[in-house]
Structure formats: structure tokens, C-alpha cells
Amino acid sequence: MQSVNPEIVLTLSVACAKLGAVATENAFGVVVRTGTDDDWPEILKLDSFAFGGHIADLKTGITRDLAPNENVLVATVGDELVGVTMNYDLQITVPGGALVDVPGVTWVSVSPTHRRKGILRKLLTEQHARFLAAGNPMSILTASEGGIYGRFGYGPITTEYTRTLDRRFVQFRDTTADPGGVRLATKEQAKTALPGIYDRWRRSCPGAVRRPDAFWRGVFADPESNRGGASALFYLLHKDGFATYRVRDEKSRMAVEVEDLFAVTAEAYTAVWRALCALDLMETITVSESRTSLLPYLLTNPRLPKVTGAFDLLWARILDFPRMLSARSYASELDMVFEVTDGFLDQGGIFHLRTDGAGAGGVCEPADGPAQVRITAADLSSIYFGEHRADTLAQAGRIWSESDAALDLFDRAFATADTPQGGMFF
Ligand SMILES: CC(C)(COP(=O)(O)OP(=O)(O)OC[C@H]1O[C@@H](n2cnc3c(N)ncnc32)[C@H](O)[C@@H]1OP(=O)(O)O)[C@@H](O)C(=O)NCCC(=O)NCCS
């Protein structure tokens with residue numbers, strides 16, 4: 001990744017008035033610069049405090065492989081390292097199947113001794129200036145809290161639903177196939193098969209992220225610290241799908257916790273679920289899947305998989321609107337001028353999007369007004385992957401449109417046949 005402004009000295013002035021106190025200024029010098037080998041002990045200490053867990057050597061090695069020093073930015077005050085952000089070099093599948101290289105922002109933290117003084121904002125400003133200078137059209141992240149990243153132009157693009165079913169009551173419908181083909185795999189067999197199956201899956205799913213080799217190294221290392229008191233991983237393997245799961249044994253009540261379940265075909269998905277549900281001694285099975293899970297449709301009682309939680313796994317921020325909007329396919333014809341507002345990076349403006357529909361691509365170019373729809377960078381990033389609709393955001397007062405018809409055309413064009421799914425938390 002190209003680096004710009006290797007060192008910028010920033011003086012932050014925090015107006016106490018903003019905090020409701022007397023209007024005085026508290027100024028201090030913050031340096032934002034590229035990370036070095038020498039910074040890593042302090043980076044790990046900072047992230048340990050920020051995320052509330054000591055970071056083991058294995059995770060350190062994986063993180064350093066995924067984020068070479070040129071992908072790391074640190075903030076220092078005097079000789080103290082007080083902030084960090086970094087990125088992994090990832091790739092995301094957009095609707096229509098194009099693969100786009102994207103930086104994945106991660107390990108973001110500011111010391112609790114220096115919070116709410118604008119250090120995160122300074123770090124992200126520099127980081128995104130570098131993303132733009134390197135020509136990245138989009139960046140992605142997984143967020144620790146939902147309230148942080150909207151202001152930086154990120155919108156949630158996937159929703160994972162946690163479902164728990166009482167396995168003892170599972171009955172498959174007569175119409176549900178029983179294709180078989182699932183093997184109990186060893187870790188060595190899983191190492192050979194899983195990355196390839198995942199890679200086939202992620203290329204066919206909008207929003208899915210490529211898992212780098214170093215990420216898989218962490219999966220198979222399966223350290224005790226990742227297990228949360230449950231067992232080491234078990235692997236169920238089909239040629240076109242797999243599940244990895246742990247067993248939690250609490251007071252003789254055994255529960256299956258699925259870590260990963262990916263299938264390239266409905267047949268593989270069904271076969272893997274048949275095998276999971278045949279684990280007689282297990283009481284419950286918990287899994288995270290997208291909104292349009294096939295599971296309830298396989299069962300005589302579709303109410304059995306109970307949704308017990310939902311969370312936004314992946315967030316995205318479009319950096320180059322013409323390029324990203326010309327990269328995906330569209331469900332219907334559109335010929336629209338719209339305005340994107342971007343308070344963080346100033347990449348917004350007025351654009352013209354023309355699409356042929358029926359799954360064909362589109363052409364997006366800068367244009368002159370008047371705009372028929374006005375939308376923020378964050379909301380357009382959310383809509384882009386098809387999980388969120390312009391109409392919903394407009395009803396919430398977040399999008400302006402000249403008419404309901406314009407909004408409807410927008411939604412029809414951006415609709416995706418497949419529900420987006422991220423595939424990777426990082
Ligand atoms: C989140 C964190 C990095 C913020 O750092 P910070 O230096 O205090 O943030 P800043 O002062 O630069 O704040 C920038 C903006 O984000 C807002 N913000 C910061 N933390 C926030 C939070 N947790 N929730 C909501 N808004 C937040 C600020 O109010 C500020 O808003 P404004 O500029 O629009 O007025 C820091 O609290 C932290 O390290 N948290 C624990 C680790 C973590 O969750 N990291 C994020 C991983 S995805």
C-alpha cells in the first residue's frame with residue numbers, strides 16, 4: 001500500500017464547552033505515523049487493554065502476517081503510544097460476482113487515558129487518505145460497537161441471525177432430501193478441504209470476504225483461548241460444504257455451537273444439517289446465518305430454529321462512488337441522477353447511474369444536478385449490498401427523494417437475489 005504523509009504532527013484542541021464545561025482549551029501534541037517493528041509490544045499492550053484480553057503469541061503472529069507495518073498507523077503523545085489502527089488486505093464479492101480488493105480496518109483502539117479527544121478521528125482521517133491515495137474503491141470493517149463508524153461513512157451491509165434449535169424435536173419434512181456424502185473429518189483433512197470450499201462459497205455470495213491463509217492458520221490452531229470453555233473444533237465435511245462446531249457440556253446438558261457452516265449447494269447444506277441433527281446426545285444446536293436461512297424450510301416445524309440474536313457482521317464504506325457503482329450488477333433498469341453527501345472524506349457529489357437491469361452491469365459517472373435522490377455515503381454503502389432498502393432509510397428520515405417513485409426505482413435496481421453474508425469476523 002502506498003504511504004503518504006509518513007508523519008504528521010497534529011495538535012488537538014478539545015473545547016471543554018463541548019463537554020458542557022467552561023470553554024477552555026486543552027491542547028496536546030499527537031503524532032500519527034506508520035507503525036514500526038519496535039511499536040508492536042506497545043500496540044499489543046494497547047489492544048489488550050482496549051479489548052479486555054491478553055493477546056497470545058499465536059494471534060500476534062497472525063496479525064503481523066495480515067498487517068505488515070506499512071498497513072499500521074499509530075498515534076503517540078510524547079513517548080507514549082496512545083492509538084492504533086491497521087488494515088488487512090482483503091477482497092469482497094459484490095452483487096453480480098465481481099471481486100474487489102478492499103482494505104479491512106481492524107485492531108482500532110485509543111488508550112482509555114486519552115479517549116474522546118479526537119485521536120480516533122485523526123487516525124482514521126490519515127488511514128482513509130492513504131486508502132484513497134492507493135486507489136482503493138471501498139473499505140470494510142467489523143465493528144465492536146454500532147455507534148462509532150456511521151460518522152466515517154460506514155454502513156452495515158450484512159445481518160447475521162443467531163438461531164438455536166432444540167435438536168431433540170427436529171423432524172425433517174418428507175420433501176427434504178437426504179443426500180448423504182458427509183464425513184467426520186480430522187483436522188488434517190479439514191485443513192486440506194475447508195479453505196477451497198469456503199473460497200468457492202465466498203465468490204458466489206455478495207458481501208463475502210476472502211479469508212487469507214494466515215486467517216485459516218488461526219482457525220486450525222484452535223487455541224484454548226478461542227474456545228470459551230467449550231471443546232476443540234469438530235469438522236463435518238461434504239465435498240461442497242462443511243460445518244465446524246464445538247460442544248459445550250454444562251451440567252450434563254450438551255450443546256453444539258456451530259462456528260462455521262458454508263455450503264456451495266443446497267444439497268451440501270441439507271446433508272450437513274442432517275448430520276448435525278443426528279448428533280443424538282446433543283440437546284441444542286446454535287448457529288449464525290443470514291436472514292434467508294434454508295433451515296426452517298427443511299423442518300416439519302419451521303418455528304424450531306428460534307432467533308435468539310441478530311448482529312451486523314460487516315460494514316462497508318464506498319470510497320470511489322463511480323467505480324463501485326459501475327462494479328456491481330442491477331436487477332432492473334435505472335436512469336437516475338443522485339447526490340451523495342460525504343462529511344468525512346469529501347468524496348460525495350452528484351452522480352448519474354444508468355443500468356440495463358436483468359442482472360447486467362451499470363455505468364456511473366459524475367454529473368450535474370438536479371438530483372432525484374440524496375443519500376449519505378454510509379447509507380448508500382448499506383444499500384449497495386442489498387440487505388438494506390432505500391425505502392426503509394427514507395421512512396427513517398435518512399434519505400431525501402423527489403418522489404416515492406424515484407425511491408422505488410432505486411430499490412428495484414439495487415435489489416439482490418442473494419442475501420449478503422460476510423463470512424469472516426476480523
Ligand atoms: C472507539 C475508540 C477507538 C474511540 O477513540 P477516541 O479517540 O475516543 O474517539 P474520538 O475522540 O476520535 O471520537 C471520534 C468520534 O467518534 C465518536 N465516538 C468515539 N467512540 C465512540 C463510541 N464508543 N460510541 C459512539 N461514538 C463514539 C466521538 O464522539 C467522536 O464523534 P464526533 O467526532 O462526531 O464528535 C475508543 O473508545 C476505543 O479504543 N474503544 C475500545 C476498543 C474499540 O471498541 N475499538 C473499535 C474497534 S472496531
Side-chain angles (χ1 to χ4, degrees), residues 8-21 23 25-33 35 39 42-55 59 63 66-67 71-78 80-88 90 102-129 131 138-158 160 209 215 311-317 341-346 348 376-379 381-382 398 422 424-426:
I8 44 173
V9 179
L10 305 158
T11 300
L12 302 183
S13 298
V14 178
C16 292
K18 204 174 169 187
L19 306 173
E25 285 200 342
N26 174 14
F28 59 97
V30 174
V31 177
V32 171
R33 60 165 171 78
D39 290 323
E42 289 301 304
I43 291 172
L44 294 167
K45 185 176 79 181
L46 181 61
D47 276 328
S48 296
F49 274 88
F51 294 102
H54 298 288
I55 301 167
K59 198 151 196 171
T63 304
L66 291 170
N71 288 22
V72 178
L73 275 180
V74 296
T76 60
V77 174
E80 206 181 343
L81 194 149
V82 296
V84 64
T85 182
M86 61 185 86
N87 73 275
Y88 300 159
L90 300 174
V102 286
V105 176
T106 186
W107 285 112
V108 177
S109 70
V110 168
S111 170
T113 59
H114 286 73
R115 285 193 179 151
R116 306 303 182 268
K117 299 177 193 306
I119 293 177
L120 170 67
R121 184 172 278 281
K122 297 295 178 191
L123 280 164
L124 292 188
T125 300
E126 175 61 13
Q127 188 177 36
H128 288 77
F131 290 165
M138 172 180 274
S139 50
I140 60 172
L141 53 81
T142 51
S144 61
E145 291 187 80
I148 302 174
Y149 290 103
R151 60 174 52 72
F152 301 114
Y154 285 84
I157 63 164
T158 61
E160 294 270 330
V209 178
F215 182 90
F311 65 100
D312 47 75
L313 181 72
L314 204 63
W315 294 57
R317 164 159 193 138
T341 57
D342 183 2
F344 177 51
L345 291 183
D346 204 19
T376 64
D379 286 343
S381 300
S382 281
R398 296 163 59 145
M424 172 177 161
F425 184 84
F426 58 93

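We count ligands from 1, going down the list as the structure has it; atoms in each ligand are counted the same way. On a predicted model such as this, the values are computed, not experimentally measured, just so you know.
- The contact set between ligand 1 and Gly118, taken as ligand atoms under 4.0 Å from a residue heavy atom, comprises 10 (P), 11 (O), 12 (O).
- Side chain of Thr142 to main chain of Phe425: no donor-acceptor pair is present (N/O by atom type, distance under 3.5 Å, no hydrogens or angles).
- Inclusion of His114 in the set of residues having an N or O under 3.5 Å from an N or O of ligand 1 is not warranted.
- On a distance-only criterion, Thr142 and ligand 1 share no N/O pair closer than 3.5 Å.
- Although no hydrogens or angles enter the test, the distance criterion places no donor-acceptor pair under 3.5 Å between the side chain of Arg317 and the main chain of Ala377.
- The shortest heavy-atom distance from Asp47 to ligand 1 is not under 4.0 Å.
- Ligand 1 places these atoms under 4.0 Å from at least one heavy atom of Glu145: 23 (N).
- Heavy-atom contacts of Gly147 reach the following atoms of ligand 1: 25 (C), 26 (N) (cutoff under 4.0 Å).
- At a 3.5 angstrom cut-off on N or O pairs, Phe152 does not count as close to ligand 1.
- A donor-acceptor pair under 3.5 Å links the side-chain atoms of Ser382 to the main chain of Pro156, judged by distance alone.
- Salt bridge annotation for Asp39-Arg33: present, with a cationic side-chain nitrogen under 4.0 angstrom from a carboxylate oxygen.
- Of the N or O atoms in Ile148, none lie within a sub-3.5 Å distance of an N or O in ligand 1.
- Counting heavy atoms under 4.0 Å from ligand 1, residue Arg121 touches it through both backbone and side chain.
- Qualifying side chain to side chain contact (heavy atoms under 4.5 Å, CB included) partners for Glu160, counting only residues two or more places apart in sequence or in other chains: Ser288, Phe311, Leu313, Gln421.
- Of all the atoms in ligand 1, the ones that sit under 4.0 Å from a non-hydrogen atom of Ser109 are 39 (O).
- Heavy-atom contacts of Val108 reach the following atoms of ligand 1: 42 (C), 43 (C), 45 (N), 46 (C), 47 (C) (cutoff under 4.0 Å).
- Considering backbone and side-chain atoms alike, Ala50 places every N or O at 3.5 Å or more from each N or O of ligand 1.
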- Item | Residues Leu120, Ile148; criterion side chain to side chain contact (heavy atoms under 4.5 Å, CB included); working and verdict | CA-CA 10 Å; Leu120 170 67; Ile148 302 174; 3.8 Å; yes
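- Here the OG-OH distance, from Ser144 to Tyr149, works out to 6.0 Å after rounding to the nearest 0.5 Å.
- Under 4.0 angstrom from ligand 1, the non-hydrogen atoms of Arg151 all belong to its side chain.
- Using a 4.0 angstrom heavy-atom cutoff, Tyr149 counts as in contact with ligand 1.
- Taking CZ of Arg121 as the start and CD1 of Ile119 as the end, the distance is 13.5 Å to the nearest 0.5 Å.
- Few gaps surround CZ on Phe51; more than 12 heavy atoms of other groups in view lie less than 6.0 Å from it.
- With a 4.0 Å cut-off on non-hydrogen atoms, Thr106 does not touch ligand 1 at all.
- Counting atoms of ligand 1 from 1 in the listed order, those under 4.0 Å from a heavy atom of Ser144 are 43 (C), 44 (O), 45 (N), 46 (C), 47 (C), 48 (S).
- Neither the backbone nor the side chain of Lys122 has any atom closer than 4.0 Å to an atom of ligand 1 (non-hydrogen atoms only).
- Shown here are the side chain to side chain contact (heavy atoms under 4.5 Å, CB included) partners of Thr106, two or more places apart in sequence or in another chain: Met86, Tyr88, Phe426.
- Ligand 1 has no N or O atom lying under 3.5 Å from any N or O atom of Phe51, backbone or side chain.
- Atom-to-atom distance recorded for Asn87:CG and His128:NE2 is 9.0 Å, nearest 0.5 angstrom.
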